[in-house]
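Below is one structure, written out as structure tokens, with a few remarks after it.
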Amino acid sequence: MGYQVNGTTVAADEEGYITDISQWSRELAAEIAKEEKIEMSDDHWEVVNFLRDYYEEYQIAPAIRVLTKAVKNSMGPEKGNSQYLYELFPYGPAKQACKIAGLPKPTGCI
Amino acid sequence: MQDDDINTEGVVKKFMFVNRRAPYGTVYALEGLEMVLIAAAFEQDVSVVFMDDGVYQLKKGQDTKAVNMKNFSPTFRALDGYDVEKLYVEKESLEARGLSPADLVVPVEVLSADELGTLMAEQDVVMTA
Amino acid sequence: MPMLHTVNKSPFQTTTLESCLRLAKKGSAVLLIEDAVYGALDGTAVSARVAKRMKELKFYVLGPDIAARGLGEAKLIDGVTVVDYGNFVDLVAEHDATQAWM
């Protein structure tokens, strides 16, 4: 499968994770979010951008527990908790937000 | 594992992952790291050992652009966030390669073969890659 | 031209480099690639293997594999020449035969 962005197709695996992270763009992220039935707000973008920075630094997509803790350290406890993150990404913050951020599926998710 | 918190309250075992291979020449090092991350995601008591050519996995300054492979050495710096804090390097292996802890991307505890052997004997599960 | 030997296994892990160095005839070239690049480093427990035959053999090491392993700044054994992929092809073309020690 893939996503159509600006007339080009970006390849993705059967679960919808794009296969080449360098092809990511904000337009693509919006397209993936639409597939995930998520209306992107500033709060959503904040988490997506955070994940992209995390990947840039560590070269992995974090597991949910690690993401929650890292968000807490960076943005404070009112955002660094699973309730807040699940409200933004109801089908799993790690999985959905990583997908929108163009990252691979988090390690530790089977 | 689902994103929700199932499977996180269970038996915690002492897992030791022993890395003995250099990065990039074979896929063992990358797969070994993957195992560590999975065990950590399941909140197990994880120790990671680097010995023999495995110490080369931690060498600073890796640049894989020209070989067109993913440089996974930055991921070792993420282990702290996964609560994997027990990183051990065998002294003999480090010295045989002319390396010191200052050459490595993360802080480690340097142990002699004898001390590592004692630690290994205390584990519930030991896996080598 | 004599033979080109390529070695791709770490000298700490296997005896491949030792076997190559035992059989390589005077005047041959040895190119260290992939995990064998560790054999080109000075100041290790196995440095003497390559150093011992430096007078009789030409030693090369593949630069991209050195850089990948964080050894770009590391001290190599005196006399080892760093080559790129283009030089690798040239070396193969210049020699009568290539023995790839696996």
Side-chain angles (χ1 to χ4, degrees), chain B residues 18-33 49-77 89-108 110 112-113 128-129, chain C residues 5-18 20 30-51 60-78 80-90 100-102:
Chain B
V18 184
N19 293 291
R20 295 189 53 247
R21 314 267 187 144
Y24 311 120
T26 62
V27 78
Y28 288 94
L30 181 57
E31 295 289 331
L33 178 55
V49 173
F50 300 87
M51 60 183 292
D52 298 329
D53 277 351
V55 302
Y56 282 135
Q57 295 176 24
L58 299 178
K59 178 70 180 68
K60 275 183 187 163
Q62 296 176 31
D63 179 357
T64 55
K65 277 194 285 295
V67 294
N68 203 18
M69 295 174 84
K70 179 171 158 162
N71 174 6
F72 56 90
S73 64
T75 305
F76 291 112
R77 291 191 285 104
V89 169
E90 193 211 19
K91 186 168 179 282
E92 288 80 352
S93 301
L94 203 58
E95 285 174 355
R97 286 158 185 78
L99 296 172
S100 77
D103 295 308
L104 309 179
V105 292
V106 281
V108 296
V110 179
S112 68
T128 299
Chain C
H5 298 266
T6 67
V7 179
N8 76 339
K9 297 289 187 296
S10 165
F12 294 100
Q13 201 93 34
T14 75
T15 55
T16 312
L17 179 62
E18 273 180 287
C20 166
V30 178
L31 170 60
L32 304 174
I33 63 173
E34 300 171 25
D35 286 347
V37 301
Y38 297 115
L41 299 176
D42 199 12
T44 78
V46 298
S47 300
R49 288 184 198 166
V50 165
Y60 302 92
V61 64
L62 193 59
D65 286 336
I66 283 273
R69 289 161 181 77
L71 307 170
E73 311 288 308
K75 171 99 173 69
L76 302 181
I77 297 162
D78 280 342
V80 177
T81 306
V82 179
V83 298
D84 62 18
Y85 289 118
N87 304 136
F88 187 166
V89 176
D90 293 341
W101 295 85
M102 300 295 275

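As the structure is a prediction and not an experimental result, all values here were calculated from the model. Both backbone and side-chain heavy atoms feed into the values below; hydrogens, waters and symmetry mates do not. So you know, we letter chains A, B, ... as the sequences are listed, proteins then strands, and number each from 1.
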Indicate the atoms forming the closest heavy-atom contact of C:R69 with B:K59, along with that distance. O-CG, 3.4 Å
Could you tell me which non-hydrogen atom of C:P64 sits nearest to which non-hydrogen atom of B:V67, and how far apart they are?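 Taking C:P64 first and B:V67 second, the nearest heavy atoms are O-CG1, 3.5 Å.
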Please report the interatomic distance OH(B:Y24) to CG(C:D65), rounded to the nearest 0.5 Å.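 Answer for the OH-CG pair, B:Y24 versus C:D65, is 11.5 Å.
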Checking heavy-atom separations under 4.5 Å from chain B, one finds in residues 8-17 of chain C C:S10, C:F12, C:Q13
Which answer fits B:N71, side chain, backbone, both or neither, if we ask what part of it has an atom under 4.5 Å from a heavy atom of chain C? neither
Residue among B:L99, B:D53, B:T64 with most heavy-atom pairs under 4.5 Å to chain C: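 Top count of heavy-atom pairs under 4.5 Å with chain C: B:D53.
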Interface residue of largest heavy-atom contact number with chain B, from C:S47, C:A67, C:G43, under 4.5 Å: C:A67
